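The structure appears below as structure tokens.
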Amino acid sequence: MKFRALTGAFLSAASLGAAVPAFADTELKVYISSQHQPQVWRKMLDQYEAKNPGIKVTIETGGNTSEAQAQYLNTVMSAKDTSLDVLILDVIRPAQFAAAGWTSPFTGKDMSGYLPAYAEANTVDGKIVALPAFADSMFLYYRKDLLEKYGIQPPKTWDELKAAVKKINGGENNPDLQGLSFQGKAIEGAVCTFLLPYWSQGKTLVQNGKLTFDRAAAAKSLALWKSFVDEGVSKKNISEVATDDTRKEFQAGNVVFAVNWSYAWAQAQGKDSAVAGKVGVARLPALTGGDASTCLGGWEWGVSAYSKHQDDAKKLVEFLSSKDVSKFVAINGSLMPTYADLYKDEDVLKSAPWFADALQVVQTAKPRPVTPRYNEVSEIVRTTVNAVLAGVMTPDDGAAQIESRLRRILR
Ligand code: GLC
């Protein structure tokens with residue numbers, strides 16, 4: 001197929017299909033992000049196939065980061081390709097996909113059961129354009145064993161985190177142990193990296209479609225992240241670190257603190273982890289004197305406007321977005337529920353005890369700016385964060401650069 005030839009160079013598409021039943025007459029292809037446990041969703045799809053004879057579902061994955069996946073889907077959807085029926089979309093994208101006419105709206109769907117932030121993110125101009133897959137926000141992962149050993153509480157401010165790292169490093173004397181891993185690569189996650197300390201100062205980026213940029217607060221945010229590198233708390237090449245690199249470093253036991261999303265828990269506690277049983281998760285620290293803040297993440301299920309199986313694809317999405325599936329992926333993949341009561345569910349809490357405190361965090365997480373030109377906003381912020389961390393731009397110049405570039409697209 002044409003788009004495959006075009007995109008083959010930057011993605012590794014994989015098919016995780018089950019055996020084709022002899023009577024299959026409808027094949028649905030579901031696009032799932034490779035980072036978000038396709039093997040766990042596969043189990044739910046197997047269940048769906050068993051209950052719906054005549055439907056066969058295969059999985060396609062591509063790209064390891066949100067913007068690589070978006071690039072892949074942009075290519076597929078621009079080509080009006082009919083081979084994908086159901087798409088998982090980062091919470092920042094339903095509006096863009098709906099505006100492009102790439103998703104088919106759901107009519108008459110009651111969204112009141114979902115967490116309000118996701119009901120909202122999926123409703124564009126009064127139309128329901130996708131249904132929630134899982135909730136997400138950023139947390140501070142930490143090595144419980146090391147904090148206990150040195151009598152340290154999870155830090156409430158970034159200064160406390162630096163002091164904790166100094167104490168632990170002093171005692172451990174292990175040059176391979178990094179104090180803090182976070183996302184400094186020019187990926188979508190770096191937009192959140194920037195926003196965390198920026199929001200912590202009570203600032204906003206966009207309000208009512210207008211730019212409300214605070215240059216001093218932005219410079220302070222960039223300077224904070226750079227200081228982790230300069231003070232040896234984070235490794236020198238943090239500008240090359242993407243989300244799943246942080247997850248791997250932490251899981252290998254090479255990191256004391258890590259900024260990451262909920263999915264990392266299942267793997268950090270899994271059988272291949274060097275730190276199973278030693279992982280703590282807390283709210284992210286605030287800037288000293290500021291408020292703790294976090295970034296609203298999450299993923300949504302959309303039906304491709306080019307799917308030839310509209311009704312079957314919608315039925316499948318209703319299932320994938322149901323409470324039973326949300327519970328299953330919470331337990332088996334530590335993907336946060338989109339239904340509030342599941343945060344109190346005994347089985348969910350047995351597998352991810354910290355979800356008991358996570359609902360409040362998700363409910364107060366801040367969304368990234370909602371604008372049809374989000375892709376440009378994202379590109380400006382993440383490439384600047386990356387340049388500052390790579391040492392090719394000062395925090396002050398970075399803040400000025402973000403401001404002047406954003407002014408050209410948002411007034
Ligand atoms: C997580 C979040 C998503 C965010 C991405 C950034 O997957 O759920 O919303 O954009 O990380 O890397």
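Since we're looking at a predicted model, the values are computed, not measured. Index from 1, following the sequence.
Salt bridge status for K226 with D230: present, with a side-chain N to carboxylate O gap under 4.0 Å. A salt bridge is defined here as a Lys NZ or Arg NE, NH1 or NH2 lying under 4.0 Å from an Asp or Glu carboxylate O, and K109 with E318 meets this definition. Salt bridge status for K344 with D341: absent, with no side-chain N to carboxylate O gap under 4.0 Å. A salt bridge links D145 with R143: the distance from a Lys NZ or Arg NE/NH1/NH2 to an Asp or Glu carboxylate oxygen falls below 4.0 Å. The pair R405-E376 does not count as a salt bridge, with every side-chain nitrogen at least 4.0 angstrom from each carboxylate oxygen. Ion pairing of E240 with K185 is absent here, as no side-chain N (NZ or NE/NH1/NH2) approaches a carboxylate O to less than 4.0 Å. The pair K56-E49 does not count as a salt bridge, with every side-chain nitrogen at least 4.0 angstrom from each carboxylate oxygen.
Judged purely by distance below 3.5 Å, without hydrogens or angles, the side chains of D324 and S322 never pair a donor atom with an acceptor atom. Remark: the E67 side chain and the T65 side chain contain an N/O donor-acceptor pair separated by less than 3.5 Å. Side-chain atoms of Q310 and S104 include a donor-acceptor pair closer than 3.5 Å. Residues N254 and Q178 have side chains that never bring a donor and an acceptor to within less than 3.5 angstrom of each other. With no hydrogens or angles considered, no side-chain donor-acceptor pair links S334 and S262 at under 3.5 Å. Of the N and O atoms on the side chains of S66 and R93, at least one donor lies less than 3.5 Å from an acceptor on the other residue. T246 and S181 share a side-chain donor-acceptor pair at under 3.5 Å. The closest side-chain donor-acceptor pair between Q360 and Y343, if any, does not fall under 3.5 angstrom. Using a 3.5 Å distance cut-off with no hydrogens or angles, the side chains of D81 and S83 do pair a donor with an acceptor. A donor atom on one side chain and an acceptor atom on the other are found under 3.5 Å apart for T288 and D159.
With ring centers used as reference points, W261 lies 6.0 Å or more from W299. Close placement of the F228 and W158 rings is indicated, their centers lying within 6.0 Å of each other. For W265 and F355, the ring centers sit 6.0 Å or farther from each other. A distance below 6.0 Å separates the ring centres of W225 and F182.
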* To do: Take T394 and D396 through the side chain to side chain donor-acceptor pair (under 3.5 Å) test and state the conclusion after the steps.
  => CA-CA 5 Å; T394 65; D396 284 345; 5.6 Å; no

* Take S304 and D85 through the side chain to side chain contact (heavy atoms under 4.5 Å, CB included) test and state the conclusion after the steps. => CA-CA 5 Å; S304 163; D85 300 286; 5.8 Å; no

* Steps toward side chain to side chain donor-acceptor pair (under 3.5 Å) verdict (T107, K127) -> CA-CA 8 Å; T107 41; K127 286 195 182 134; over 6 Å; no

* Chi angles and distances behind the salt bridge (Lys or Arg N to Asp or Glu O under 4.0 Å) call for K144, E148 -> CA-CA 6 Å; K144 227 170 34 179; E148 272 163 18; 5.6 Å; no

* Output, in order, the C-alpha distance, side-chain angles, deciding distance and verdict of salt bridge (Lys or Arg N to Asp or Glu O under 4.0 Å) for D244 and R247. => CA-CA 5 Å; D244 214 38; R247 197 262 306 162; 3.0 Å; yes

* Run the numbers on F134 and Y263 for side chain to side chain contact (heavy atoms under 4.5 Å, CB included), then give the verdict. => CA-CA 10 Å; F134 62 92; Y263 83 100; 6.0 Å; no

* To do: Applying side chain to side chain contact (heavy atoms under 4.5 Å, CB included), run through V377 and V206 and close with a yes or a no.
  => CA-CA 10 Å; V377 172; V206 178; 5.9 Å; no

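Under the 3.5 Å distance criterion, the side-chain polar atoms of S307 are matched with a main-chain donor or acceptor of H309. Panel note: side chain S34, backbone G63; a donor-acceptor pair is recorded below 3.5 Å. Looking at S326, its side chain never comes within 3.5 Å of a backbone N or O of K323 through a donor-acceptor pair. Looking only at distances, a side-chain donor or acceptor of T371 sits under 3.5 Å from a matching main-chain atom of R373. A donor-acceptor pair under 3.5 Å links the side-chain atoms of T294 to the main chain of M138, judged by distance alone. Of the possible donor and acceptor atoms, none in the side chain of S378 sits under 3.5 Å from a partner among the backbone N and O of Y374. With hydrogens and angles disregarded, no donor-acceptor distance shorter than 3.5 Å links the side chain of E60 to the backbone of K29. Looking at T364, its side chain does come within 3.5 Å of a backbone N or O of V361 through a donor-acceptor pair.
Within 6.0 Å of NZ on K156 lie no more than 12 heavy atoms contributed by other residues, nucleotides or ligands. For E120, the CD atom sits in a loose shell: 12 or fewer heavy atoms of surrounding residues, nucleotides or ligands are nearer than 6.0 Å. Remark: K80 NZ is loosely packed, at most 12 non-hydrogen atoms of other residues, nucleotides or ligands lying under 6.0 Å away.
When all heavy atoms of A68 and N64 are compared, the pair lying nearest together is CB-N, 4.3 Å. What you find for Q269 and G277 is that their closest heavy atoms are OE1-N, 2.8 Å. When all heavy atoms are compared, the tightest approach of P337 to A330 is CG-CB, 4.0 Å. Residue N122 comes nearest to A130 through the heavy atom pair CB-O, 3.1 Å, listed as atom of the first residue, atom of the second, then distance. When all heavy atoms of I402 and F194 are compared, the closest pair comes out as CD1-CE1, 4.1 Å. Taking both residues in full, the closest heavy atoms of R382 and V191 are given as CB-CG2, 4.1 Å, listed atom of the first, atom of the second, then distance.
Side-chain atoms of T193 and V259, non-hydrogen and from C-beta on, never get closer than 4.5 Å to each other. Within the 4.5 Å cutoff, side-chain heavy atoms of M77 are placed close to those of L87. No side-chain heavy atom of L320 sits less than 4.5 Å from a side-chain heavy atom of Y48. Contact of the E188 side chain with the I92 side chain is registered, since non-hydrogen atoms from C-beta on lie closer than 4.5 Å. Between L296 and Y118, the closest side-chain pair of non-hydrogen atoms falls below 4.5 Å. Put simply, the side chain of F250 does not reach to within 4.5 Å of the side chain of S273, judged on heavy atoms. Side-chain contact between L180 and V255 is absent, with no heavy-atom pair separated by less than 4.5 Å. Residues T103 and L89 meet the side-chain proximity criterion, which asks for heavy atoms closer than 4.5 Å.
A cation-pi geometry, defined here as NZ or CZ lying under 6.0 Å from the six-membered ring centre and within 45° of its normal, holds between K314 and F106.
Rounding to the nearest 0.5 angstrom, the gap separating the CD atom in Q401 from the OG1 atom in T383 is 7.5 Å. Separating the CD1 atom in I380 from the CG atom in L410 is a distance of 8.0 Å, to the nearest 0.5 Å.
Residue W301 forms a ring-ring contact (aromatic ring centres under 6.0 Å, His included) with just one option from F97, Y114, W41, and that option is W41. Residue V40 forms a side-chain contact (heavy atoms from CB on, under 4.5 Å) with just one option from V325, V329, I331, and that option is V329.
Note: Y142 and F257 have tilted aromatic rings, judged against thresholds of 30 and 60 degrees for the angle between ring planes.
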